[in-house]
Amino acid sequence: MSEVGFETLRAPQLEGFGNFADVLRDEAFWDSLGFSLRFGTLTAVLEVALGLFLAVFLAPILQRHAWLLAILTLPMMVAPAMMGLMYRLVLHEFVGPVPHYLLAWFGTSPAFLAPGNVFWTVVVIEVLQWTPFTLLLFHLAYGSISGEIREAARMDGAKGWWMFRRVEFPMMLPTFGVALAIRFIDGVRVFDNIYVLTGAGAGGSTMSLPIYIYTSFFRGGNIGAALAASVLFALASFLILALAWRFAQRRPA
Amino acid sequence: MTALRWAVLILFAFLVNAPVIATLATSLKPPGEIMGNPGSG
Amino acid sequence: MTRLTKAFALGTALALASPALAEVTVLGWPGGPEETALRAATEAYNARPETTEDNKVELIFFSREGFFDKLAADLAAGTTAFDVNLIATYSIGRYAPFMTPVDLGSDAAGTFGESVLSTMQYEGQQYGVPTDLSLHFMYYRKDLIDQLLADTAAQQKYSEIAQQYLGEALTPKAPDEWTWRDWAATALYFTQAVNPDSPTRYGSVLQMKNLLFNMMVFQSLPRSYGADWTDEQGNVTVDSEAYRTGLEMYKMLLDAGATPADSLSYEYPEANAAFQSGQVATMLQWNAAATDLLNAETSPATAAATATVAPPAGPEGRFTHVHGLGLGVNKNAENPEGAQQFLQWLATPAAMEIYAKAGGAPGLTGAALDAVKGDRPDLAQLGDYAANYGYVMRGATSANALSVYELQAKEFTGYWAGSETLDEALANTTTGMTDLLKPQQ
């Protein structure tokens with residue numbers, strides 16, 4: 001066990017790498033890492049796919065009425081903790097409008113936060129809040145492809161799907177990489193909305209890596225282990241980001 | 001096609017903003033009505 | 001590290017509503033009747049002619065979310081942002097090293113009674129004024145239970161359900177005679193998934209979120225079967241028949257649909273909202289909810305038909321978890337004398353009268369209780385339950401008590417959710433608790 005607690009915060013003893021060993025031996029750490037990686041991958045892929053589709057599909061409208069972007073990106077303004085709080089209300093069986101209308105229209109409503117559904121519920125919540133971000137990135141990238149390039153491609157007979165796949169998408173590839181990396185890292189380090197909505201979840205079922213760090217830091221009072229986990233997390237994030245940059249800088253020939 | 005684009009846009013705008021709208025709507029109701037809200041008939 | 005704790009201290013400082021003109025800063029429990037009551041009492045204190053300008057009290061409140069964690073970090077960092085801070089029975093051991101004991105004077109025992117004073121004691125020292133007591137009431141729908149007791153056909157159905165789920169053909173009883181098994185049978189009877197004719201969708205609403213406070217609500221059930229955290233030698237005894245009985249009963253009710261399927265994400269507000277909807281027949285809940293649940297304005301659908309009674313009994317008797325909230329003095333306080341003065345005043349019957357009438361829930365006795373009984377009849381019930389049924393688990397005021405609750409919350413909810421077996425959950429809890437409760441070096 002660590003020698004750093006709140007009681008010894010100002011006069012800790014050095015422990016070497018004992019804290020790191022403790023963390024690596026803790027099953028809950030690996031569970032939370034697994035949750036974070038699954039959550040981060042899934043939400044990043046969904047957000048990027050959806051954002052890309054919407055940016056391209058809605059481009060004719062959004063380029064003419066740019067103010068609509070303000071409405072579409074409004075969720076980004078809401079603090080994730082507030083978002084969690086709102087969904088606590090919205091999904092509640094007795095006061096929430098979602099179960100209310102589902103019951104009224106279909107006579108049944110799923111238990112969104114029951115053990116079998118809670119993972120998908122938090123994924124959908126995250127995707128709904130952050131797809132606007134990827135939409136915005138792709139909207140800018142799509143709009144910045146110069147008209148001359150499109151014109152030239154059109155002269156060569158490119159159109160529709162082929163145009164997108166061979167001309168437009170390759171030009172947005174750097175944005176694609178950056179969006180995926182940012183959303184992945186953001187997904188892995190998800191904290192506020194899940195913490196407010198379900199805490200660590202029944203038996204730790206929605207314990208992301210930051211929630212693990214938070215609970216061991218405070219509740220467990222095990223500061224040494226929490227810091228060790230934080231350091232491991234920071235190193236891993238750095239690696240991912242470095243890879244993403246290399247990917248982004250590999251501009252299409 | 002334009003109609004479909006508009007439909008998708010409105011649906012998406014509604015979905016992402018739904019919790020904000022719902023919270024706003026609830027906050028405007030008197031406390032009694034919030035608690036009485038039912039799904040429960 | 002220091003930077004992080006400083007950030008917390010800074011956050012606390014920013015929570016100050018206005019620049020600190022006053023000289024005694026008090027950090028209270030935010031967002032509930034305790035806050036309203038403390039504001040009222042403080043106003044009265046500051047208005048007294050004896051209160052000098054440099055001893056006037058200013059209140060600060062931050063969020064309940066993570067309150068005790070932030071407080072621990074602040075105190076450990078040696079904060080001077082407040083002179084007086086909130087403490088709770090279950091965390092005194094954690095905060096005592098950073099606090100100064102208080103002298104409330106000999107009259108305090110006459111105001112609160114010894115047992116209530118002791119909720120603010122640690123290793124024989126008084127660390128605070130016990131301002132509020134928290135324990136549990138069984139809230140139930142009197143109209144529905146009366147109907148059941150008057151209807152012979154319904155009683156037949158009740159017995160069949162009890163036979164099927166509990167293996168015993170129980171008959172309906174009045175709530176003040178309930179054992180936990182009677183309560184469980186009642187909860188099943190009033191569940192549409194079990195009894196399609198039930199007037200309510202659910203017979204109960206259980207707070208099963210992975211949250212330490214929910215373990216406090218839960219543990220009176222195993223306690224009434226004789227459960228304790230440790231034996232007298234300090235060996236962890238959580239892997240017992242008593243805990244098994246309680247945990248299995250909760251899981252049975254969840255699986256039978258006697259509580260909403262989302263219950264594993266429910267805590268205090270969700271459970272109250274469910275009860276207030278009129279679709280729930282019984283609920284074990286904190287006494288603090290009485291203010292809202294019995295008020296026709298806040299609970300129009302149910303208030304008139306809602307009644308309260310002590311939690312059900314078990315083979316070892318009737319029990320309710322009890323803990324106190326109180327106010328004590330920060331060791332690094334900038335104005336410890338002013339802080340002591342305020343707390344001594346707060347412990348007088350006159351101050352407690354203001355506090356109680358403004359919505360606080362102090363455990364009072366004698367003349368102090370008589371003075372407020374007219375306005376707050378529930379305070380008599382509160383004192384009565386605390387004295388007769390109150391218990392504190394062995395080890396539940398130690399420095400790691402909150403961590404023990406946290407561990408139980410994770411493991412027990414894991415069992416309820418079906419992600420681990422009862423044996424695994426209890427084995428993990430035993431291992432973890434043994435580590436957390438081992439004597440400090």
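In what follows, chains carry the letters A, B, and so on, assigned in the order in which the sequence lines appear, proteins first and then strands, with residues in each chain numbered from 1.
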query = Given B:Leu4 and A:Phe57, is the side-chain contact (heavy atoms from CB on, under 4.5 Å) satisfied, shown in steps?
reply = CA-CA 10 Å; B:Leu4 184 63; A:Phe57 185 68; 3.9 Å; yes

request  = Verify side-chain contact (heavy atoms from CB on, under 4.5 Å) between A:Leu74 and B:Val16, making sure each step is shown before the conclusion.
outcome  = CA-CA 8 Å; A:Leu74 195 62; B:Val16 297; over 6 Å; no

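Most heavy-atom pairs under 4.5 Å with chain B, from the set A:Val127, A:Ile61, A:Leu50, A:Val98: that is A:Ile61. For the set A:Leu72, A:Thr73, A:Val90, A:Leu135, the count of heavy-atom pairs under 4.5 angstrom toward chain B peaks at A:Leu72. Highest contact tally toward chain B, considering only A:Met86, A:Gln129, A:Met83, is held by A:Met86 [criterion: heavy-atom pairs under 4.5 Å].
In this structure, the side chains of B:Leu9 and A:Leu62 come closer than 4.5 Å at one or more pairs of heavy atoms. Using a 4.5 Å cut-off on side-chain heavy atoms (C-beta onward), A:Leu58 and B:Phe12 make no contact. Side-chain contact between A:Pro75 and B:Asn17: present, with at least one pair of heavy atoms (C-beta onward) separated by less than 4.5 Å.
Shown here is A:Trp120, whose CH2 atom has no more than 12 heavy atoms of other residues, nucleotides or ligands within 6.0 Å.
With a threshold of 4.5 angstrom between heavy atoms, A:Pro60 approaches chain B through side-chain atoms but not through N, CA, C or O. Neither the backbone nor the side chain of A:Leu85 comes within contact range of chain B; no heavy atoms are under 4.5 Å apart. Neither the backbone nor the side chain of A:Met82 comes within less than 4.5 Å of any heavy atom in chain B. For A:Leu68, the part sitting under 4.5 Å from any heavy atom of chain B is the side chain, from C-beta outward, and nothing else. Residue contact with chain B, scored on non-hydrogen atoms closer than 4.5 Å, is absent for A:Leu91. Residue contact with chain B, scored on non-hydrogen atoms closer than 4.5 Å, involves the side chain of A:His65 exclusively.
Minimum heavy-atom separation, B:Val8 to A:Leu54: CG1-CD2, 3.6 Å.
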